[in-house]
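Note: hydrogens, waters and symmetry copies are ignored here, and every other heavy atom, side chains too, is used. In the text below, chain A, chain B and the rest are named by the order of the sequence lines, each starting its count at 1.
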Protein chains: 2
Amino acid sequence: MTGGSYVRLEDVARHAGVSLATASRVLQGSSHRGRPEYRAKVMASAAELGYIPNPHARALAANTSDTIGLVIHDVRDPYFALIAGGAIDVATARGQFVTMACTYRDPELEARYIANLRAQRVRAIILAGSAFVDAATSKAMTTELESYYNAGGSVVSITRHRLPGDCLVVGNRSGAADLARRLVDLGHTSFALLAGTTRLVTIRDRVAGFKKGLAESGIEVDPAFEVSGTFDHDGGLRATQQLLASGRLPTCIFASNDVMALGALTALRRAGVDVPGEVSVAGFGDVVMARDFVPTLSTVHLPLEEMGAHAMELALRDERGSSPRKVTINGEVVLRESTGPAASRRRR
Amino acid sequence: MTGGSYVRLEDVARHAGVSLATASRVLQGSSHRGRPEYRAKVMASAAELGYIPNPHARALAANTSDTIGLVIHDVRDPYFALIAGGAIDVATARGQFVTMACTYRDPELEARYIANLRAQRVRAIILAGSAFVDAATSKAMTTELESYYNAGGSVVSITRHRLPGDCLVVGNRSGAADLARRLVDLGHTSFALLAGTTRLVTIRDRVAGFKKGLAESGIEVDPAFEVSGTFDHDGGLRATQQLLASGRLPTCIFASNDVMALGALTALRRAGVDVPGEVSVAGFGDVVMARDFVPTLSTVHLPLEEMGAHAMELALRDERGSSPRKVTINGEVVLRESTGPAASRRRR
DNA sequence: TTGTAAGCGTTATCAG
DNA sequence: CTGATAACGCTTACAA
């Protein structure tokens, strides 16, 4: 059908018997300008010839492009895979390309990649993944992003309110606090916190929110029960093993994300500890597979896919908003099998 | 640091006191041409000014680009997330961009997207995800890809040996046959096959291989135990429920991929059927989480991440291979908790 | 409205 | 080996 070579705008113009400029205007202008008969002719020719504009030429001439940069922590992490999926779908539907990078929370890698996206003049940059508490860590990246933004680029971040542009603010604090309250209602009184790195603001917020929720009932977390590690499956596994090794268990373990919770579940199972019989476990995020964990995981549901889609929509809106938008996303507590009434209570 | 505006090659040239052409040559030529003193000057100026080449201009002039198109079924599916992750990592390390699309096995969407990648003159296209048995379905896509390939583009596919270019051929048949043998060794005699859509060649191959493995021991699959559905979690769940509803169970269930197997596990658990006590379950692929399923999943391990990395390396090799390479990837059976000795045998 | 022509930032050709 | 200069395909003033 389409031959080996390319159809250029010039070919379309000639075929339609109009000038290059006219063809260009017709093809890009969603507006109704152009004499109807010319419009029709050009459209027909373009379709017949199978014309696809050269995005590079377009980018060069118009100083914009139709690709969006998506910077995430790791595609392999289901949390981000969901966000990416949602984002990619709306981009594809709108004829935009998505170029994606995984930066593994390495600020330097992030900075470098963003510089490249900027040079590529991507239409927008979406950043998903927590920032570090220490703002200086990502200074280079922030600077880069600001130049991009100031030059007219769109920036949408998820949970990075300090960055320029729009932001999807996840209610980490409130979600975790809600979860804590529900857990207390179940009768739990002693909690362990698998915090991951407390240098990530997401974790810090979730932990802070959780503690606040507990505090309302006068419950404090034993410092010995606050164990950190990496913010992933292994981190959850190791932290739990550490807990297990200490010989003392709380009645409930809160992992600051679902994947860590899964690690915790695995560690507990290996050690022969019954969940929720002996300990309850809860996570945060509600990754799709949380429903398939054994036991199914209690967690704070976040509409991850929609968040990705929403972020992409913000990134794609015609006029970059006069004022940056902050959209709050609130999670909803979902109690499933992994949390039960407190063990102590049960024994009564 | 970097100002708001852009540094162009011209600026670097002026700063270094050489011509545009010289600067261009120095900056792109990995070769040692250019007077050393000029080379040094240009490099220094570029570094000092923070020069980043404009990829669009480069693409337009040189008719190539430094982005690779990655077309997969769905990022949310851990199987593909792993492949994508492996691919993205090597691309990033080599300073290449990856633009990714999910096509959900929709041939039309695939064709459209590939046409766009082609127009964008991406440096290579990587295609992961099974083809349909019926070649006509993806005729348009194939044509598009061939034009791209014939025009000098690199194509690397995973499990699509009919396509032009290099191919990572997954030993679906042999892997499934191996698995079948091991399962027979365990004493199993009756098997159910959760096939997914038999229109996908991957599934067809896995099913055929599995049957072949069984046939070596004179075992046949009861047609009533061969149930199809979608090639995902839900497909596995539903197929298993269907099986359950029929009132008759085999001693072992083979799901043609891990995610389906997870669905099966969930259905079984909900129905109160013990695995592997009453039925054994096996999958294919060895998604990371297979180790966290309860029970941990027996499956055929595929080095998914390495496959993605390998595919990207093939895509990036300097000269497109004179002859297309076919690399065979063989899976390895991993027996974990989800398969045990056949239930009937146990009861003796 | 439509056409002409001047860029956009690089690469590549061709003289010097 | 180096330096002008013409592409590359498209957008967009500017002119008609």
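Summarising the geometry, the separation between CG on B:Asp11 and P on C:dC8 is reported as 12 Å, rounded to the nearest angstrom. As a whole-Å value, the separation of B:Asn63 CG from D:dG9 P is 7 Å. The nearest whole Å value for the distance from the CZ atom in A:Arg14 to the P atom in C:dG3 is 14 Å. Atoms CG (B:Leu27) and P (C:dG9) sit 16 Å apart, rounded to a whole Å. Per the geometry, NZ belonging to A:Lys41 stands 18 Å off P belonging to C:dT1, to the nearest Å. Rounded to whole angstrom, the span from the CZ atom of B:Arg121 across to the P atom of D:dG9 amounts to 6 Å.
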One character per nucleotide, please: for nucleotides 10-16 of chain C, 5' to 3', B when the base has a protein heavy atom closer than 4.0 Å, S when only the sugar-phosphate does, - otherwise. BBBB---
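Relative to the ring axis of B:Tyr6, A:Arg121 places its NZ or CZ within 45° and under 6.0 Å from the centre.
B:Arg14 has a carboxylate O that lies under 4.0 Å from a charged side-chain N of B:Glu10, or vice versa, which qualifies the two as a salt bridge.
For the pair A:Ile126/A:Val155, no side-chain contact is recorded, criterion being any heavy-atom separation below 4.5 Å from C-beta on.
Here B:Ser19 does not reach the OP1 or OP2 of D:dT2: none of its side-chain N or O atoms lies under 4.0 Å away.
Residues in residues 83-104 of chain B take part in these salt bridge (Lys or Arg N to Asp or Glu O under 4.0 Å) pairs, two or more places apart or across chains: A:Arg76-B:Asp89.
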Can you give the donor-acceptor pairs under 3.5 Å from side chains of residues 41-55 of chain A to other protein atoms, not counting sequence neighbours?
unit_1: A:Ser45; atom_1: OG; unit_2: A:Lys41; atom_2: O; d: 2.9
unit_1: A:Asn54; atom_1: OD1; unit_2: A:His56; atom_2: N; d: 2.7
unit_1: A:Asn54; atom_1: OD1; unit_2: A:Ala57; atom_2: N; d: 3.2

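Judged purely by distance below 3.5 Å, without hydrogens or angles, the side chains of B:Glu146 and B:Thr142 never pair a donor atom with an acceptor atom.
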